[in-house]
Amino acid sequence: MSEALRTELTRVASRLGADGIEFVLERPRGAGHGDLATNLAMVLAQRERANPRHTAERVLQELQLAPDLVARTEIAGPGFINFWLAQDQLAAAHREILEAGAAYGRSVWGAGRKINIEFVSANPTGPLHVGHGRGAALGDAISSLLEWTGHAVTREFYINDAGVQIDRVAASLWARVRQEAGYPAEVPEGGYHGEYLRENARRVLAEQGPELAELPESEGLRRCRELALRIQREEQDRDLADFGVRFDVLSSEQAVYDGGKVERALGMLAERGLTYEAEGALWLRTTQFGDDRDRVLRKGDGSFTYLVPDIAYHIDKHERGFDQAIDVWGADHHGYIPRMKAVLAALGYPPDFFAVELVQLVRVVRGGDEVKMSKRSGEFVTLRDLVEEVGVDAARYFFLMRRGDSHLVFDVELAKKQTDENPVFYVQMAHARLSGIFRTAECEPAAISGSLDLAALPAPDDTELLKKLVLFPEEVEKAARQHDPHRITVYLHELATAVHGWYHRTRTVGEAPDVERARLLLARSARIVLANALTLLGISAPDRM
RNA sequence: GCGCCCGUAGCUCAGCUGGAUAGAGCAACAGCCUUCUAAGCUGUGGGUCGCAGGUUCGAGUCCUGCCGGGCGCGCCA
């Protein structure tokens, strides 16, 4: 909607001898400053050491604006030029909502870009916790945002099935199996002590028969490793599926080793002179790329550090043809970013190939009290427990309510409340109320179509709601650019406020026929936008509550 | 000690590429139901944007230093 105006302002700028000057055309924060405002006159004046308000007058003289585009202009403050858009613009924008329907808000600016987004990637060593849940919600929503803006997105999960941690789970499960069968055994140092491993031990004994516990240690460990991996993976998949998150590709660390990709990666690094031997280990010169120390690739015992398969894995992503690989990581891994960037820069990949989105910790509280842990895991609140208590919609909304890199306080009492204090409820209620209007009117939303007659909508609430609706595509694009779904929750809350206010102060059913029709059109479009925004975040849009 | 992130109303947080008088929600207080969900709406009070400098026509936003909090700095992942 602002494109035509921006083009015209650019033309005026070059006519006034400032070709290519940078200026801002934005939506002013407060009302009273129009629909759009530009600082063009101020930046021009600065350059010419002129009075900005005089320059603004010259700009206005040069501006040629179609009357169906801008209704009114003014010079304000230190030299801003404010624009009020013509009603035709709003009516046209409204038509787009109805025409696009469930696709309203989608765009094509990312067309052709292949993006891989890797998230959750939890070690298969235990149940998923709330931190993983936040990562899942965030990764999934960023994926959707990128899809909505035309990117080709692959959601990917990396299974760390090759490291030391798996050995520890295997040993811990083996110990529990032995204990369950009545033998003396201890969970080893550095092992996993959660209650879930006792449950799993009982389960595998029932499935595999008591002979399992009789096996020699090496064979028992081998079997427990397989069983633990399978059980944890199944459980993670189930937890994620129940949370509405599905992955396109599951990659395995073990497969990276098995496919010879690790050796290849080492070869690529050595070729570029980036590795050296010292103190019995193989090192990578990451300091050349801004890291604060070099990193070990191959340990003294001949095995590789986690960095090696990870590098190989990211090379693989590049070779699969992705233009960008986004990783969603827990904030405690932030120190790892310079290392990975260093490596990928050394390999000559474009600087924006690799991006990391950090997810901060989640503190779960109930009322005022911190919820410390789950009985089952013994260490943390599980995603499953949380979702069972508050539901998928509330969990997702709460996880997305804050920017990923800020700490999140998750109040389970609040998430369960059926009042407007609960933001999820408040937003979903707006959708349900709009649906209620159509029930009362006894017609399907889709049956109301055609152009919106703004003259039939006298209330300020009508216009305010409409203006909020047509911002949606822009919000999606901004959120996608910044990999920041939380912007959508902020927008949703503002939109819901506009809907509730409109609903409260205006009537639809039973008004004069032209007013009723116009309001039904407005209600239909508001319902579309609310549903689209909620769907984008993986949250349902209920018709009644 | 070094590095990264954060510090905005009593609480939880917005604040886009530096723009106009710093905004929401909750909590507090005061109102609003013969009307499509009062499961809602309206109003009031509440701020040294951690502190001190700097850059700029203009700083919550950029730079420097300090204070406070979180995380990281492993031949763990």
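Numbers restart at 1 for each chain; the letters A, B, ... are given by sequence-line order, proteins then strands.
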Handout entry: B:C2 - base-pair partner by Watson-Crick or wobble geometry, distances under 3.5 Å
Key = B:G72
Fill in the blank from the handout: Mate of B:A24 across any strand shown (Watson-Crick or G-U wobble, both atom pairs under 3.5 Å) is B:U12
Exercise for the section: Specify the separation, in whole Å, of atom CD of A:Glu464 and atom C1' of B:U42. Expected result: 13 Å
Handout entry: Separation between the P atoms of B:U55 and B:U8, rounded to whole Å
Key = 27 Å
Problem - Shortest side-chain distance from A:Tyr306, nucleotide among B:G19, B:U12, B:C76 - result: B:C76
Practice task
Ignoring backbone atoms, test whether A:Tyr426 places a side-chain nitrogen or oxygen under 4.0 Å from the OP1 or OP2 oxygen of B:A39.
Solution key: no
Problem - Minimum-distance nucleotide to A:Arg402 side chain [options: B:U37, B:C13, B:G15] - result: B:C13
Handout entry: Lys/Arg-Asp/Glu bridge criterion (N-O < 4.0 Å) met for A:Arg225, A:Asp167
Key = yes
Practice task
From the options B:A39, B:U37, B:C76, select the nucleotide whose nearest atom is closest to the side chain of A:Arg439.
Solution key: B:U37
Exercise for the section: Among the candidates B:G19, B:A39, B:A77, find the nucleotide nearest to the side-chain atoms of A:Val43. Expected result: B:G19
Practice task
Considering only atom C1', compute the distance from B:G23 to B:U61 and round it to an integer number of Å.
Solution key: 15 Å
Handout entry: Per A:Lys299 side chain, nearest of listed nucleotides B:G40, B:U17, B:A77
Key = B:A77
Handout entry: Side chain of A:Arg403 - closest among B:A14, B:G70, B:C16
Key = B:A14
Practice task
State whether the distance check finds a donor on one side and an acceptor on the other, under 3.5 Å, for side chain A:His493 versus base B:G25.
Solution key: no
Handout entry: Integer-rounded Å distance: B:C4 C1' and A:Gln360 CD
Key = 11 Å
Practice task
Output yes when at least one side-chain N/O atom of A:Arg293 is less than 4.0 Å from OP1 or OP2 of B:G74, else no.
Solution key: yes
Practice task
Compare the minimum distances between each of B:C41, B:U37, B:A14 and the side chain of A:Tyr503, then state the nucleotide with the smallest one.
Solution key: B:U37
Exercise for the section: Measure from NZ or CZ of A:Arg6 to the centre of the six-membered ring of A:Phe23, then state whether that distance is under 6.0 Å and the direction lies within 45° of the axis. Expected result: yes
Problem - Inter-nucleotide C1' distance (B:A20, B:A59), Å rounded - result: 14 Å
Handout entry: Rounded distance (Å) that lies between atom C1' of B:A20 and atom CZ of A:Arg53
Key = 11 Å
Exercise for the section: May I have the distance from A:Arg339 (atom CZ) to B:C76 (atom C1'), rounded to whole angstrom? Expected result: 11 Å
Practice task
Could you tell me whether A:Arg339 and A:Asp294 make a salt bridge, using a distance below 4.0 angstrom between a side-chain N and a carboxylate O?
Solution key: no
Completion exercise
Per nearest nucleotide of RNA chain B, the residue lying toward the 5' end, A:Met42 or A:Arg298, is A:Met42
Exercise for the section: Please measure how far the P atom in B:C6 lies from the corresponding atom in B:A24, and state the result in whole Å. Expected result: 24 Å
Exercise for the section: Report yes or no: is the cationic atom of A:Arg53 (NZ for Lys, CZ for Arg) under 6.0 Å from the centre of the six-membered ring of A:Phe80, at an angle within 45° of the ring normal? Expected result: no
Problem - Length of the line joining A:Arg433:CZ and B:A39:P, which is rounded to integer Å - result: 8 Å
Problem - Touch class at under 4.0 angstrom, heavy-atom based, for A:Ala432 against every strand present - result: base
Handout entry: Same-atom distance (P) from B:G43 to B:C26, integer angstrom
Key = 13 Å
Problem - Between B:C75 (C1') and A:Phe304 (CZ): distance, integer Å - result: 13 Å
Handout entry: Nearest-Å distance for atom pair CZ/C1', residues A:Arg27 and B:G15
Key = 16 Å
Problem - Distance between C1' atoms of B:C32 and B:G69 (Å, rounded) - result: 44 Å
Problem - Donor on one side chain, acceptor on other, A:Ser251 and A:Glu156, under 3.5 Å - result: yes
Handout entry: Distance between C1' atoms of B:C11 and B:G47 (Å, rounded)
Key = 15 Å
Exercise for the section: Would you give the length of the straight line joining atom CD of A:Glu57 to atom NE2 of A:His54, rounded to the nearest 0.5 angstrom? Expected result: 6.0 Å
Problem - Nearest-Å distance once atom C1' is located in both B:A22 and B:G46 - result: 14 Å
Problem - Check: B:A20 base within 3.5 Å donor-acceptor of A:Asn82 side chain - result: yes
Practice task
Name the nucleic acid region contacted by A:Asn39, choosing base, sugar-phosphate or nothing; use a 4.0 angstrom heavy-atom cut-off, strictly under.
Solution key: base
Handout entry: Nearest to side-chain heavy atoms of A:His334, which nucleotide of B:A39, B:C75, B:G3
Key = B:G3
Exercise for the section: Look at all strands and tell whether A:Arg544 reaches a base, only sugar-phosphate, or nothing, counting heavy atoms closer than 4.0 Å. Expected result: base
Practice task
Give a yes/no verdict on base stacking between B:A20 and A:His33: centres under 5.5 Å, planes within less than 30° of parallel.
Solution key: yes
Fill in the blank from the handout: Rounded to whole Å, the CD-P distance (A:Glu421 to B:A38) equals 17 Å
Practice task
Answer yes or no on whether A:Arg481 is positioned over the face of A:Trp109, meaning its NZ or CZ is under 6.0 Å from the six-membered ring centre and within 45° of the axis.
Solution key: yes
Handout entry: Pair partner, B:G58 [Watson-Crick or wobble, under 3.5 Å]
Key = none
Exercise for the section: Verify the stacking flag for A:Phe80 against B:A20: centroid separation must be under 5.5 angstrom and the ring planes must differ by under 30 degrees. Expected result: yes
Practice task
Provide the Watson-Crick or G-U wobble partner of B:G43, both distances under 3.5 Å; none if there is no partner.
Solution key: B:C29
Handout entry: Residues A:Val427, A:Ile539; criterion side-chain contact (heavy atoms from CB on, under 4.5 Å); working and verdict
Key = CA-CA 11 Å; A:Val427 170; A:Ile539 299 168; over 6 Å; no
